[in-house]
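Following: one structure in structure tokens, then a few remarks.
Note that ligands are numbered from 1 as they come in the structure, with each ligand's atoms numbered from 1 the same way. Just so you know, residue 1 is the first one in the sequence shown, and it goes up from there.
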Amino acid sequence: MKSHSRRSFLKKLLGGVTALFAGLLPVSSQAGWFGGGSKEEWVSIGKLADLPDGKNTPISVATDVASGKSVKQPKIIASRRGDKVYVMSSRCTHFGCEVELQPDGAYKCPCHGAQFDKVGAVTKGPAKKNLPWCEVKIIESGDVQVNLAGDVAAPVLD
Ligand code: FES
């Protein structure tokens, strides 16, 4: 084996191990998120006015609505369109790496190259499942709240 291909092999192997742990650890601590549980889990992701209109915004920290404390949550993408907000998981459905927003609005996973379109539908494996969407409500104060346990149909985004 040439040193170049050996390096390439080791790099792929390391990427796979990293992705495996990235995928396994969150799954055990995030049971119930994104349609995996029966209990609703609402968190605040901030004010509607703070989300840029027409953009997809990655968010990784939120406030637990019941306790008012900041909590870690699964990484999400919030897409504001006027007075509506749509929220999608940004955890790759293959092994849980965080997908990256591409200039054309699609998403790519840095771990094994899975690709998703603008609404999270798989366009290239190895991921087989689309990125899930969450139920969202905007309360009177303008606070955007997301049910992490929900799993709703993908919206039509422009
Ligand atoms: Fe493997 Fe995303 S974690 S393609």
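Pairs of residues two or more places apart, or lying in two chains, that qualify as salt bridge (Lys or Arg N to Asp or Glu O under 4.0 Å) and include a residue from residues 80-90 are Arg81-Asp158. Pairs of residues two or more places apart, or lying in two chains, never qualify as salt bridge (Lys or Arg N to Asp or Glu O under 4.0 Å) while including a residue from residues 93-109.
The contact set between ligand 1 and Ala114, taken as ligand atoms under 4.0 Å from a residue heavy atom, comprises 4 (S). If you number the atoms of ligand 1 from 1 as listed, the ones under 4.0 Å from a heavy atom of Cys109 come out as 2 (Fe), 3 (S), 4 (S). Counting atoms of ligand 1 from 1 in the listed order, those under 4.0 Å from a heavy atom of Cys92 are 2 (Fe), 3 (S), 4 (S).
Between Cys97 and Cys109, the SG-SG separation does not fall below 2.5 Å.
His112 lies close to atom 1 (Fe) of ligand 1, since one of its N, O or S atoms is found at a distance under 2.8 Å. For residue His94, no N/O/S atom approaches atom 2 (Fe) of ligand 1 to within less than 2.8 Å.
Looking at heavy atoms from C-beta onward, Ile59 lies in side-chain contact with Leu51 at the 4.5 angstrom threshold.
Between the side chain of Asp53 and the backbone N or O of Gly82 there is at least one donor-acceptor pair closer than 3.5 Å.
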